[in-house]
Each structure stands twice: as structure tokens, then as C-alpha cells.
*Asks:* 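Sharing a structure below in C-alpha cells format, with a few things to ask.
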Amino acid sequence: MPAGTLYRGREGMWSWVAHRVTGVLIFFFLFVHVLDTSLVRVSPEAYDKVVATYKNPVVNLMEYGLVAAILFHALNGLRVIAVDFWSKGPKYQRQMLWAVVGIWVVLMAGAFYPVLQHTLRELFGS
Amino acid sequence: MSAETTTPASDSVTGYDVDHPAPVIEPPRARTRKTPRSTRTNFEMYGWLFMRLSGVLLVVLVLGHLLIQLVLDGGVTKIGFAFVAGRWASPFWQTWDLIMLWLATLHGANGLRTIINDYAERDNTRLWLKALLYTAAGFTIVLGTLVIFTFDPNIR
Ligand code: HEM
Ligand code: HEM
């Protein structure tokens with residue numbers, strides 16, 4: 001096994017895997033996102049054309065997925081920081097993971113309509 | 001840092017129990033007799049600290065950005081050249097985007113550097129993957145910064 005990838009299993013390992021995968025995903029998105037935003041320097045038409053893809057129903061759904069990835073990475077990142085800096089962090093790391101999952105579910109439910117409203121309106125009328 | 005030697009943790013622990021549910025793994029960077037007296041710099045420690053400090057700031061910057069772009073005021077529908085022109089008319093949002101650009105790129109690039117170090121075992125593979133990573137990150141920061149500073153609402 002490559003060095004540095006050994007881990008002790010259980011929830012802690014899966015939260016680490018998920019943190020890694022979401023981190024990479026967000027970085028790749030950021031790269032593309034700065035490229036598409038740079039079209040404001042080309043012309044308003046070029047920019048509006050690329051933004052139109054963001055309003056496509058399939059892409060809109062991917063945006064919901066991006067929100068899911070960022071919310072998990074952000075909440076779990078705060079948990080990692082708490083484990084490192086809070087004296088009781090390591091003791092409560094598992095409870096904090098379930099708190100992360102709980103808050104994530106609530107925020108994702110709350111984000112469903114706002115993020116997908118463009119698609120919902122398009123598909124089912126206003 | 002002192003050059004004292006540490007005995008492997010596995011000597012002191014035998015068997016498993018509730019507090020030790022898995023085999024004890026020796027700390028990979030335990031100091032042994034072979035460890036050089038001093039490592040050159042504390043780069044990795046500052047990198048570790050930077051991930052945590054930038055992480056806290058990014059919670060506000062990125063989640064705030066997503067709230068504005070995807071949730072408030074009709075979600076993604078409102079976005080277009082006119083919307084961006086309105087936002088970048090304000091130095092506050094220009095600064096917000098600039099800090100977010102730099103922190104997210106550096107945080108993400110440093111995270112990817114760790115991942116490359118973990119999985120790419122051949123020296124040459126690591127070298128080339130990192131060269132690619134630093135090129136991409138540098139390009140992102142330069143392009144993004146230029147776009148914010150040279151934005152022209154009356155381009156046409
Ligand atoms: C799908 C979700 C997103 C949408 C619709 C979106 C939309 C936008 C828009 C319209 C701008 C133009 C400036 C402004 O209005 O502030 C912008 C800029 C920017 N966004 Fe996003 N954004 C999204 C996600 C993200 C994420 C997840 C990040 C960070 C990882 C991010 C980082 C940035 C940065 C750094 C800029 C400045 C770009 C530059 O300097 O050229 N955005 N975004
Ligand atoms: C939203 C707020 C964020 C927080 C609180 C956060 C927190 C963290 C923390 C604490 C780490 C270190 C994990 C460790 O040492 O085990 C980390 C790693 C990482 N982050 Fe973030 N982060 C955030 C946003 C981002 C963004 C926007 C990106 C991409 C541009 C990103 C990409 C990564 C990557 C690639 C890693 C490396 C993962 C690994 O080594 O397994 N993060 N994050």
C-alpha cells in the first residue's frame with residue numbers, strides 16, 4: 001500500500017475519504033469556474049452564453065451536488081479543526097461526525113428548493 | 001527541535017480493547033537514531049496551520065458566495081453580465097472575491113500536494129504531477145486577479 005494511506009477504519013476513515021474526494025472535486029470546479037468567469041473580459045455575450053449552461057437542468061442538478069460536497073467539506077473541516085485544537089475534540093470526534101451529518105442533511109433539505117428553483121420553474125411552470 | 005529518540009508506541013501496548021480498537025501503527029515520523037539532527041525548515045507545520053486558518057475563513061467566504069449566487073434572489077436565474085457588473089462595482093465584493101480566490105486556490109493546491117505525496121510513489125511521477133499542479137494554481141490566481149482588477153462594465 002502507498003505510504004500514508006494506512007488508516008484505522010471505521011467512521012473516521014470514511015469521513016477522511018469523503019473529505020479528500022470533496023476537496024479534489026471543489027478544486028477542479030474552482031479551476032473551471034475562474035475560466036468561465038474570465039469571459040466577462042471577452043464580451044457580455046460570451047459570458048451570458050457560458051452562464052446559460054449553469055441554467056441547464058442537468059447542470060443545475062450538478063450545482064446541488066457541488067453544494068453537497070462543499071457543505072460536507074466545510075462542516076467536516078471544522079470538525080477536523082476541533083479535533084486538533086479543542087482539548088476534548090478527540091474524545092468527541094465520533095459524536096461530532098454525527099453532528100456534521102445531521103446539520104448537512106438539514107441544510108441540504110433547506111437548499112433543495114432555492115438551488116433547484118430555476119429547473120423546477122422551467123419544468124413545472126411558475 | 002531536539003534530536004531525542006522515541007521508542008515505537010507498539011512496545012507499550014498489547015492486544016486490543018475499547019480504547020484501542022485497531023492495531024497500533026507506529027508514528028510514521030517517529031525520530032530514530034537515523035533521523036538527521038535538524039530538519040531544514042518548519043514548512044510542513046506552517047502548511048498544516050494554513051489549512052486550518054484558511055479553512056475557517058473559507059467557511060464564511062465560500063458559503064456566503066454560494067448563498068448569494070445560488071440561493072438568494074431567485075437562485076442561478078439572475079446571474080449574467082449585468083449582475084456581475086453590479087457586484088464588482090463595489091470594492092467590498094471585489095475584495096471578498098479576491099481573498100476567496102487566493103485562499104481557495106492555495107488551500108486546494110496545498111491539499112492536492114498532500115494527496116500527490118500520498119499516492120504518487122515514483123519520484124518522477126511526483127515531480128511532474130506537482131509541476132502540473134503549481135502551473136494550474138499559478139494560472140488560476142493570476143487570471144482571476146487580473147479579471148477582478150481589469151473588469152470593465154462598459155466593455156461594449
Ligand atoms: C455553482 C455555484 C457557483 C456560482 C453560480 C458562482 C457564481 C459566480 C459569479 C456570478 C461570479 C462573478 C463575481 C461575483 O458575482 O461575485 C463568481 C466569482 C467567483 N467565484 Fe463563484 N460561483 C459558484 C461557486 C463557487 C465556489 C464553490 C467557489 C470557491 C471554491 C467560487 C469562487 C469564486 C471566485 C474565486 C470568484 C472570483 C473569480 C475571479 O477572480 O475571476 N465560486 N462566482
Ligand atoms: C469551506 C471551508 C473549508 C474548510 C473548513 C476546509 C477545511 C479543511 C481542512 C481542515 C483540511 C485539512 C485536513 C487534514 O489535514 O486532514 C482540508 C483539506 C483539504 N481541502 Fe479544505 N476546507 C474548506 C474549503 C476547501 C476548498 C474551497 C477547497 C478547494 C478549492 C478545498 C480543498 C481541500 C483539499 C484538496 C484538501 C486535502 C485533503 C486531504 O489531504 O485529504 N477545501 N480542508
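Just so you know, these numbers use all the heavy atoms, side chains as well, and skip hydrogens, waters and symmetry mates.
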*Asks:* Looking only at heavy atoms and a cut-off of under 4.5 Å, which of Leu66(B), Val84(B), Leu143(B) has the most pairs with chain A?
*Replies:*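 Heavy-atom pair counts peak at Leu143(B).
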
*Asks:* If Ile, Leu, Val, Met, Phe, Trp and Tyr residues are connected whenever their side-chain heavy atoms lie under 4.5 Å apart, and connections chain through other members, are Met62(A) and Phe28(A) in the same group?
*Replies:*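 No, no single cluster joins them.
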
*Asks:* Is Glu122(A) close to chain B through its backbone or its side chain, or both, or neither, when contacts mean heavy atoms under 4.5 Å?
*Replies:*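 For Glu122(A), neither part sits under 4.5 Å from chain B.
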
*Asks:* Going by residue number, which parts of residues 124-136 of chain B are within reach of chain A, meaning a heavy-atom gap below 4.5 Å?
*Replies:*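 Result: Leu133(B), Ala136(B).
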
*Asks:* Quick test of your reading: applying ring pair (Phe, Tyr, Trp, His ring centres under 6.0 Å), list the pairs with at least one residue in residues 49-84 of chain B, sequence neighbours left out, ordered by first then second residue.
*Replies:*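 Counting only pairs at least two positions apart or across chains, the ring pair (Phe, Tyr, Trp, His ring centres under 6.0 Å) contacts touching residues 49-84 of chain B are Phe81(B)-Phe151(B).
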
*Asks:* Using every non-hydrogen atom in the two residues, find where Leu63(B) and Ala74(A) come nearest and quote the distance to one decimal.
*Replies:*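 Closest approach of Leu63(B) to Ala74(A), heavy atoms only: CD1-CB, 4.4 Å.
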
*Asks:* Applying the 4.5 Å side-chain criterion to the ILVMFWY set and letting contacts propagate, would Val62(B) and Val80(A) be lumped into a single cluster?
*Replies:*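 No.
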
*Asks:* Quick one: does Ile79(B)'s side chain get under 4.5 Å of Tyr47(A)'s, heavy atoms only?
*Replies:*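 SC-SC contact between Ile79(B) and Tyr47(A) confirmed.
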
*Asks:* Within residues 100-109 of chain B, which positions have a heavy-atom distance to chain A below 4.5 Å?
*Replies:*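 Within residues 100-109 of chain B, the residues that come under 4.5 Å of chain A (heavy atoms only) are Leu101(B), Ala104(B), Thr105(B), His107(B), Gly108(B), Ala109(B).
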
*Asks:* Check each atom of Ile141(B) against the heavy atoms of chain A and say whether the ones under 4.5 Å are side chain, backbone, both or neither.
*Replies:*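 Neither the backbone nor the side chain of Ile141(B) comes within 4.5 Å of chain A.
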
*Asks:* When you group the ILVMFWY residues by side-chain heavy-atom contacts below 4.5 Å and let the links chain together, are Val59(A) and Ile26(A) in the same group?
*Replies:*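 No, Ile26(A) does not connect to Val59(A) through the hydrophobic network.
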
*Asks:* Decide yes or no for Leu70(B) and Tyr64(A): does some side-chain heavy atom of the first lie under 4.5 Å from some side-chain heavy atom of the second?
*Replies:*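 Sidechains of Tyr64(A) and Leu70(B): no contact.
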
*Asks:* Go through the steps to decide whether Arg20(A) and Thr114(B) satisfy the test side-chain contact (heavy atoms from CB on, under 4.5 Å), and finish with yes or no.
*Replies:* CA-CA 10 Å; Arg20(A) 206 159 244 205; Thr114(B) 305; 4.0 Å; yes

*Asks:* Compare every heavy atom of Val42(A) with every heavy atom of Ile155(B), then report the nearest pair and how far apart it is.
*Replies:*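 Looking at all heavy atoms of both residues, the closest pair is CD1-O, 3.6 Å.
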
*Asks:* Go through Ala46(A), Ser43(A), Gly23(A) and name the one with the most non-hydrogen pairs under 4.5 angstrom from chain B.
*Replies:*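 Looking at each option in turn, the highest pair count goes to Ser43(A).
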
*Asks:* So do the side chains of Thr77(B) and Arg121(A) get within less than 4.5 Å of each other, counting heavy atoms only?
*Replies:*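 In short, these two side chains touch, coming nearer than 4.5 Å.
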
*Asks:* Check whether Leu25(A) and Leu61(A) end up in the same hydrophobic cluster, where Ile, Leu, Val, Met, Phe, Trp and Tyr are linked by side-chain heavy atoms less than 4.5 Å apart.
*Replies:*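 As far as the 4.5 Å side-chain criterion goes, Leu61(A) and Leu25(A) are not connected within one cluster.
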
*Asks:* Does the side chain of Val40(A) come within less than 4.5 Å of Asp152(B)'s, by heavy atoms?
*Replies:*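 No, their side chains stay 4.5 Å or more apart.
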
*Asks:* Please report the C-alpha distance between Arg41(A) and Leu146(B) in whole Å, then the side-chain angles of each, then the deciding distance to 0.1 Å, and finally whether the side-chain contact (heavy atoms from CB on, under 4.5 Å) criterion is met.
*Replies:* CA-CA 10 Å; Arg41(A) 292 299 296 124; Leu146(B) 279 177; over 6 Å; no

*Asks:* Within the 4.5 Å heavy-atom criterion, are Gln117(A) and Val76(B) side-chain neighbours or not?
*Replies:*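 No, their side chains stay 4.5 Å or more apart.
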
*Asks:* Are Trp104(A) and Tyr113(A) connected in the hydrophobic side-chain network, where two residues link if heavy atoms are under 4.5 Å apart?
*Replies:*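 Trp104(A) and Tyr113(A): one cluster.
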
*Asks:* Looking at Gln69(B), Arg52(B), Met51(B), which has the largest count of heavy-atom pairs under 4.5 Å with chain A?
*Replies:*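 Winner by heavy-atom pair count: Arg52(B).
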
*Asks:* Other residues, nucleotides and ligands only: do more than 12 of their heavy atoms fall within 6.0 Å of CZ on Phe85(A)?
*Replies:*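 Enclosed.
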
*Asks:* Shortest non-hydrogen contact from Val147(B) to Thr37(A)?
*Replies:*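 In this case the closest contact between Val147(B) and Thr37(A) is CG1-O, 4.3 Å.
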
*Asks:* What parts of residues 53-60 of chain B touch chain A if we use heavy atoms and a cut-off under 4.5 Å?
*Replies:*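 Within residues 53-60 of chain B, near chain A: Val56(B), Val59(B).
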
*Asks:* Give a yes or no on this: more than 12 heavy atoms of other residues, nucleotides or ligands lie within 6.0 Å of atom CH2 of Trp48(B).
*Replies:*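 Counting neighbours around CH2 of Trp48(B), more than 12 heavy atoms of other residues, nucleotides or ligands fall under 6.0 Å, so yes.
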
*Asks:* Report which part of Val34(A) has an atom under 4.5 Å of a heavy atom belonging to chain B: side chain, backbone, both, or neither.
*Replies:*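 Answer is both: backbone and side chain atoms of Val34(A) are under 4.5 Å from chain B.
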
*Asks:* Give a yes or no on whether Lys49(A) atom NZ has more than 12 heavy-atom contacts from other residues, nucleotides or ligands under 6.0 Å away.
*Replies:*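 Not buried by this count: 12 neighbours or fewer within 6.0 Å.
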
